[in-house]
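Quick caveat: nothing in here was measured; it's all calculated off a predicted structure. For this chain, numbers begin at 1 and follow the sequence in order. All values below were derived from every heavy atom in this structure, side-chain atoms included, with hydrogens, water molecules and symmetry-related copies excluded. Read the numbers this way: they start at 1 and go in the same order the structure lists the ligands and their atoms.
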Amino acid sequence: MFTEDFLLGLLRAKHIVVFTGAGMSAESGIPTFRDAQTGLWEHYDPHVLASPSGFLANKALVWGWYEWRRMQVLKAEPNAGHLAIADLMSYSERLTVITQNVDDLHERAGNRGVTHLHGSLHKPRCFDCGSPYTFPVGIPDEPAGSRRLEPPNCSLCNGPIRPGVVWFGEPLSSTDWNTAEKAAMECDVFFSIGTSSLVWPASQLPERAVLHGAKLIQINPTPTPLDSKAHYHFKGNVGEIMPALVTSLAEIF
Ligand code: OAD
């Protein structure tokens, strides 16, 4: 599946960036957003569930939905793709993971310093004053996807606690964006894995990397706008392709 030239090119890279989207966690049982039938936005309205105005209009609906998603993540495990990306650290001088995912499966697989461009389900904060909120320890009862659950209130200002994810119409954290953009511009190899490459500005990162001379490798079972720009496109599931790649690297190393 992988040519010797391709593998040697990876081993020679000084800085590899791995950029992931919802497809990365699909094999851990976490639904994607836009896949037909199974994607979250096929069944739920992003204007209601992923915007500040949607939250203010129905806090219990929105908080309950994100708690349902957080429960899914707490019960999920990193898949073979996450583990292989952590193993890739052994074969590269420098590996940077940038994800659009709001789960913690890269960290639980062993990667450190992961940039979460779209925030995290595990880091809620006050809607009014921005103070972080710490969840009680343990896994609460699983709420159904549409179960309403009142959000807790901030211990400092009594404002409502909101999910720590970036919603439509909100800017990304400038620190996270700067880290991601710098890594894209500095790396020699850029993996784009499990993302439809439709959501701006994250979707700009692969092109930014190519413009600055990186080789672009895409792993995705379905077509994306990156198909014509990728130097290599492995059509399939990350949980199969990434472990096969790391095994091949180990053989040639
Ligand atoms: P999407 O749901 O838009 O795209 C998921 C991609 O993963 C699709 O291209 C699938 O073909 C691919 N895929 C599915 N299973 C896969 C597998 N096992 N291995 C590899 N690829 C697989 O998800 P994102 O691109 O991440 O924003 O969506 C970007 C943003 O849109 C999300 O971060 C979220 C959403 O609105 C926020 O929450 C702010």
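When the options Gln100, Arg34, His118 are ranked by their closest heavy atom to atom 37 (C) of ligand 1, first place goes to His118. Residue Asn220 holds the heavy atom nearest to atom 12 (C) of ligand 1 of all those in Ile219, Asn220, Leu117. Summarising the contacts of atom 20 (C) of ligand 1 with Pro221, Pro31, Ala202, the nearest heavy atom is found in Pro221.
Looking at Ala26 against ligand 1, only its side chain comes within 4.0 Å, counting heavy atoms. At a 4.0 Å heavy-atom cut-off, ligand 1 touches Val199 through the side chain alone. Only side-chain heavy atoms of Phe168 come within less than 4.0 Å of ligand 1; its backbone N, CA, C and O stay farther off.
Of the polar atoms of Val166, none of the N or O atoms is found under 3.5 Å from an N or O of ligand 1, judged by distance alone. By the 3.5 Å distance cut-off applied to N or O atoms, Val238 is counted among the residues near ligand 1. The distance criterion of under 3.5 Å between nitrogen or oxygen atoms is met by Thr195 with respect to ligand 1. Here's the thing with Ser197: none of its N/O atoms is less than 3.5 angstrom from an N/O atom of ligand 1. Between Trp167 and ligand 1, no pair of N/O atoms sits closer than 3.5 Å.
The shortest contact between atom 23 (O) of ligand 1 and any protein heavy atom is with Ala22 CB, 3.4 Å. When hydrogens are left out, the protein atom nearest atom 17 (C) of ligand 1 is Gly23 O, 3.3 Å; that is the closest non-hydrogen contact. With hydrogens left out, the protein atom closest to atom 6 (C) of ligand 1 is Gly194 O, 3.3 Å, a heavy atom. Here the heavy atom of the protein found nearest to atom 14 (C) of ligand 1 is Asp35 OD2, 3.5 Å. Counting protein heavy atoms only, atom 36 (O) of ligand 1 is closest to Trp41 NE1, 3.0 Å.
Under the 4.5 Å side-chain contact rule for hydrophobic residues, Leu8 and Leu245 share a cluster. Cluster annotation: Leu211 is not connected to Leu205 through the hydrophobic network of ILVMFWY side chains, with a link wherever side-chain heavy atoms come within less than 4.5 Å. Follow the hydrophobic side-chain contacts under 4.5 Å out from Leu83 and you never reach Val246; the two are in separate clusters.
Closest heavy-atom contact between Ala86 and Ala109: CB-O, 3.3 Å. Contact record, Pro52 with Glu170: CG-OE2, 3.6 Å, taken as the closest heavy-atom pair.
When atom types are taken as modelled, the side chain of Asp188 and the backbone of Lys14 share a donor-acceptor pair closer than 3.5 angstrom. Side-chain N or O atoms of Asp227 include one that pairs as donor or acceptor with a backbone N or O of Thr224 at under 3.5 Å. With Asn101 contributing its side chain and Asp103 its backbone, the two residues share no donor-acceptor pair below 3.5 Å.
Aromatic ring orientation, Phe19 versus Phe190: tilted (interplanar angle from 30° to 60°). Relative ring orientation between Tyr66 and Trp167 is described as tilted, the plane-to-plane angle lying within the 30° to 60° band.
Taking the six-membered ring wherever Trp is involved, the centroid distance between the rings of Phe6 and Phe234 falls below 6.0 Å.
Within the listing of ligand 1, atoms 9 (O), 10 (C), 11 (O) sit less than 4.0 angstrom from a heavy atom of Thr222.
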